Novice: 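Right, I'll just put the structure down here and ask away after.
Throughout, protein chains are lettered first and strands after them, A, B, ... in sequence-line order, and every chain is numbered starting at 1. Note that the structure is predicted; figures quoted are calculated from it, not measured.
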Protein chains: 2
Amino acid sequence: MVAIEPSKTQRLYLLLKEQILKGVLSPGHRLPSEPQLAAQHRLSRVTIRRALEGLEQDGLIRRQPGAGTFVLDARPRKGVVGDLSNMLAHLVAMGRATRAKLLSFSYQPSPPVVSAALKLVDGERVQHSIRVRYIDDTPFSHLTTYVPERIGVTYSEADLASTPLLTLLERSGVVADRASQTVTATLAGPEIAELLQVEIGSPLLSMTRVVYDDHGRGVEYLSALYRPDLHSFQMEMTRTGIGAERRWSPVSSLTRPGAETKPLPGRGNSRRPSITPL
Amino acid sequence: MVAIEPSKTQRLYLLLKEQILKGVLSPGHRLPSEPQLAAQHRLSRVTIRRALEGLEQDGLIRRQPGAGTFVLDARPRKGVVGDLSNMLAHLVAMGRATRAKLLSFSYQPSPPVVSAALKLVDGERVQHSIRVRYIDDTPFSHLTTYVPERIGVTYSEADLASTPLLTLLERSGVVADRASQTVTATLAGPEIAELLQVEIGSPLLSMTRVVYDDHGRGVEYLSALYRPDLHSFQMEMTRTGIGAERRWSPVSSLTRPGAETKPLPGRGNSRRPSITPL
DNA sequence: GCAAAATGTTCTATATCTAATACAAATACA
DNA sequence: TGTATTTGTATTAGATATAGAACATTTTGC
């Protein structure tokens, strides 16, 4: 019984991809010839070529007969970079067309995980929904939400298909006050892969958020998956405290809808830590 | 020409491994039968079995003829959930033993990406280093850093192997003032996979951070990779503003070292928001 | 005890991966 | 203009991955 290993082709493909994206191999640089690569990695030229074909498809290299294989300008992520927490507001402000497809809508006993997070009594019922959100007709997030039944009944299936959940909640008188969110990385399974239009086994950003109202009661449990090629989670920080207590603290990341792009490192940035380190 | 993909066996193997380690499938839980899995994933039973064999070898499942396949309590080490920005300080505060292995240390012309981020003139030289950080002898982060040469010369190779880079910088009189960081998801290539002791093709949390001093000059470019089974990025937020301007704002997220719950990355972290309202 | 369902085992057949080789076409350079 | 080197293409052969099926053995549950 052998450990499960990836194919040699994929190994080489990932290796080269890594080096290119990482900048080890800079744009314009010529890769070793196929026979050379074959010798270096002790693989046949067929395998080398298959890996290069993958890179070519990714737009990472240019192959010129007779000349060689060259690294292209691997542009670092042209995607919509934004703070996941306010992303939707962002997109709307930027006038991007977003829509959500409702895949599932039901009332059911709360899964243990959700019960624990929202501090429900065991088996209490919740409103459960699964949505995929699109931006300009390309899927960019997969949202699974759980809301305590007492709150869930205040909106309908149609509401959920058209309006952000948080908006619905606040319309119902719920005061979203605090949230705790966790970001991790996962792999796309067959289902998710199809919905988000990525390959099975692709990396995904996974975010779990629990929202509490002003009484500290859990009102929403959200598990979201994002395509890392379309989004990344960005935040600004400042250095606060002194001595051993000196640490990074987040800065309120209100990204200005007008000001696209860069973290804006300008020293003249008057937007000082608008956050109170209290 | 088809995109380079991992084998179906490996795909399924990684997918299930993920779910188990993440707690989606809790210990004791019985997996669907092999024919069921085959149907769900549209694979042959042979393939299903190969993947399960891998998991069995890892000690993640127990297979009992006639009964089924069960998830074992392989909950590895308790995941250290923390804010990536202050993680190191955390760990130190918790008395965990961390050490870094220096894999590379050199002075070289700045890669274009780094030049752009740090706003260096093209070709300006930088101090480049690659480190792997261990906690209790298991690798948990892979760090690639670039520092402008004028600053880089203030510390030695030995310094870097023993002391956090930011500490070195501040010791040299650099005042780290602001930082911009971006979090995404990637896949582990062969090199990284070996260094972080994960499978090739495993998901990784990728963080890029640019640190600026009080004059707005870039002083450090950091590209870090984290194992999502050991760490996740957590933050607390509050709801601020009114009306259409109502948004999420981050809260200084100091995790209390004392609060040693059974965290576990991913879904189901029921840990109550442990912010210190100071 | 019996039937259903689960994993374990074995087999055949096909597709894909990989190696090895040969040759054509395009390019670079002395 | 050659000549060497490069990528593109094709063929052959063997190893491996995957699908599909049949059957044995163990367990569960009635």
Side-chain angles (χ1 to χ4, degrees), chain A residues 1-17 20 25 28-72 189-190 193 199-201, chain B residues 1-17 20 25 27-72 189-190 199-201:
Chain A
M1 193 185 342
V2 190
I4 281 76
E5 290 178 356
S7 68
K8 302 183 181 179
T9 302
Q10 207 213 358
R11 223 193 222 131
L12 180 62
Y13 165 74
L14 287 176
L15 180 65
L16 293 176
K17 190 172 185 175
I20 293 176
L25 304 172
H29 186 275
R30 200 189 104 177
L31 290 181
S33 73
E34 293 175 0
Q36 281 176 348
L37 283 173
Q40 286 174 19
H41 296 268
R42 292 179 190 177
L43 298 172
S44 78
R45 210 185 133 208
V46 186
T47 308
I48 303 293
R49 282 185 66 64
R50 284 216 55 190
L52 292 182
E53 279 162 16
L55 295 174
E56 190 177 27
Q57 254 193 332
D58 294 348
L60 292 177
I61 58 173
R62 193 192 73 229
R63 311 167 79 187
Q64 192 165 3
T69 303
F70 302 89
V71 177
L72 288 180
E199 300 288 330
I200 297 178
Chain B
M1 193 194 324
V2 191
I4 280 70
E5 295 174 354
S7 71
K8 304 183 181 181
T9 302
Q10 207 211 2
R11 240 188 227 159
L12 180 62
Y13 166 73
L14 287 176
L15 194 64
L16 291 176
K17 188 171 185 174
I20 294 175
L25 304 173
H29 186 276
R30 201 189 101 180
L31 290 181
S33 73
E34 292 175 1
Q36 280 175 350
L37 283 174
Q40 285 174 20
H41 295 269
R42 292 177 190 177
L43 298 172
S44 77
R45 206 181 136 210
V46 186
T47 308
I48 302 294
R49 285 188 114 289
R50 283 213 55 189
L52 293 182
E53 280 162 15
L55 294 174
E56 190 177 27
Q57 254 192 334
D58 294 347
L60 293 177
I61 58 172
R62 193 192 73 230
R63 309 167 81 190
Q64 193 164 4
T69 303
F70 303 87
V71 178
L72 289 180
E199 302 288 332
I200 296 177

Novice: Just to confirm, is there a sub-4.0 Å distance from OP1 or OP2 of C:dA19 to any side-chain nitrogen or oxygen of A:S44?
Specialist: yes
Novice: Report the residue from A:L52, A:L72, A:L16 that forms a side-chain contact (heavy atoms from CB on, under 4.5 Å) with A:I61.
Specialist: A:L52
Novice: Considering only side-chain heavy atoms of B:P65, which listed nucleotide, C:dA6, D:dG8, D:dT26, is closest?
Specialist: D:dT26
Novice: State whether B:R50 places a side-chain N or O below 4.0 Å from either non-bridging phosphate oxygen (OP1 or OP2) of D:dA17.
Specialist: yes
Novice: Closer than 4.0 Å, any side-chain N/O of A:T47 to the OP1 or OP2 of C:dC17?
Specialist: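 No, outside the criterion.
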Novice: Between B:Q64 and B:R30, is there a side-chain heavy-atom distance shorter than 4.5 Å?
Specialist: no
Novice: Under 4.0 Å: is that the gap between some side-chain N or O of B:K8 and OP1 or OP2 of D:dA19?
Specialist: yes
Novice: Rounded to whole Å, please give me the gap between CZ in B:R62 and P in C:dG8.
Specialist: 12 Å
Novice: Think B:R63 has a side-chain N or O under 4.0 angstrom from the OP1 or OP2 of C:dA6?
Specialist: no
Novice: Using a cut-off of strictly less than 4.0 Å, decide whether A:S7 has a side-chain nitrogen or oxygen near OP1 or OP2 of D:dA17.
Specialist: no
Novice: Would you mind reading off the distance between B:E56 atom CD and C:dG8 atom C1', rounded to a whole angstrom?
Specialist: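 For the pair B:E56 CD and C:dG8 C1', the rounded distance is 11 Å.
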Novice: Do A:R63 and A:R49 have side chains that approach each other closer than 4.5 Å (heavy atoms only, starting at C-beta)?
Specialist: yes
Novice: Quick one: label A:L43 by what it contacts on the DNA or RNA (base, sugar-phosphate, nothing), any heavy atom closer than 4.0 Å.
Specialist: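 The answer is sugar-phosphate, as A:L43 gets under 4.0 Å only of primed atoms, P, OP1 or OP2.
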Novice: Give a yes/no answer on whether the side chain of B:R30 brings an N or O atom under 4.0 Å of OP1 or OP2 in C:dA6.
Specialist: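 It does, given that an N or O in the side chain of B:R30 lies less than 4.0 Å from OP1 or OP2 of C:dA6.
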Novice: Just the rounded figure in Å: distance from C1' of C:dT9 to CD of B:E34.
Specialist: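 Those two atoms, CD and C1', are 11 Å apart.
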Novice: Please give, in whole Å, the distance from D:dG8 C1' to A:E53 CD?
Specialist: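 To the nearest whole Å, that distance equals 10 Å.
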Novice: If you measure from CG on A:L43 to CG on A:L37, what distance do you get to the nearest 0.5 Å?
Specialist: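 Spacing of CG (A:L43) from CG (A:L37) equals 9.5 Å.
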Novice: Rounded to whole Å, how long is the line connecting atom CD of B:Q10 with atom C1' of C:dC17?
Specialist: 15 Å
Novice: Separation of A:Q64 atom CD from C:dA25 atom C1', in whole Å?
Specialist: 13 Å
Novice: Which residue lies toward the 5' end of DNA chain C, A:V46 or B:T69, if each is placed at its nearest nucleotide?
Specialist: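 Mapping each residue to its closest nucleotide by heavy atoms, the 5'-most match is B:T69.
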Novice: Can you find a side chain N or O atom of A:S33 that sits less than 4.0 Å from OP1 or OP2 on D:dT6?
Specialist: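 Checking D:dT6 against A:S33, a side-chain N or O does come within under 4.0 Å of OP1 or OP2.
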Novice: Could you give the CZ-to-C1' distance, from B:F70 to D:dT26, as a whole number of Å?
Specialist: 12 Å
Novice: Taking atom C1' of C:dT18 as reference, at what distance in whole Å does atom CZ of A:R42 sit?
Specialist: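 To the nearest whole Å, that distance equals 17 Å.
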Novice: If every non-hydrogen atom of B:L12 is compared with every non-hydrogen atom of B:A51, which pair is closest and at what distance?
Specialist: CD2-CB, 3.8 Å
Novice: With a 4.5 Å cut-off on side-chain heavy atoms, are B:H41 and B:L15 touching?
Specialist: yes
Novice: When you match A:G66 and A:I48 each to their closest nucleotide on DNA chain C, which lands nearer the 5' end?
Specialist: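 This one resolves to A:I48.
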Novice: Give a yes/no answer on whether the side chain of B:R49 brings an N or O atom under 4.0 Å of OP1 or OP2 in C:dG8.
Specialist: yes
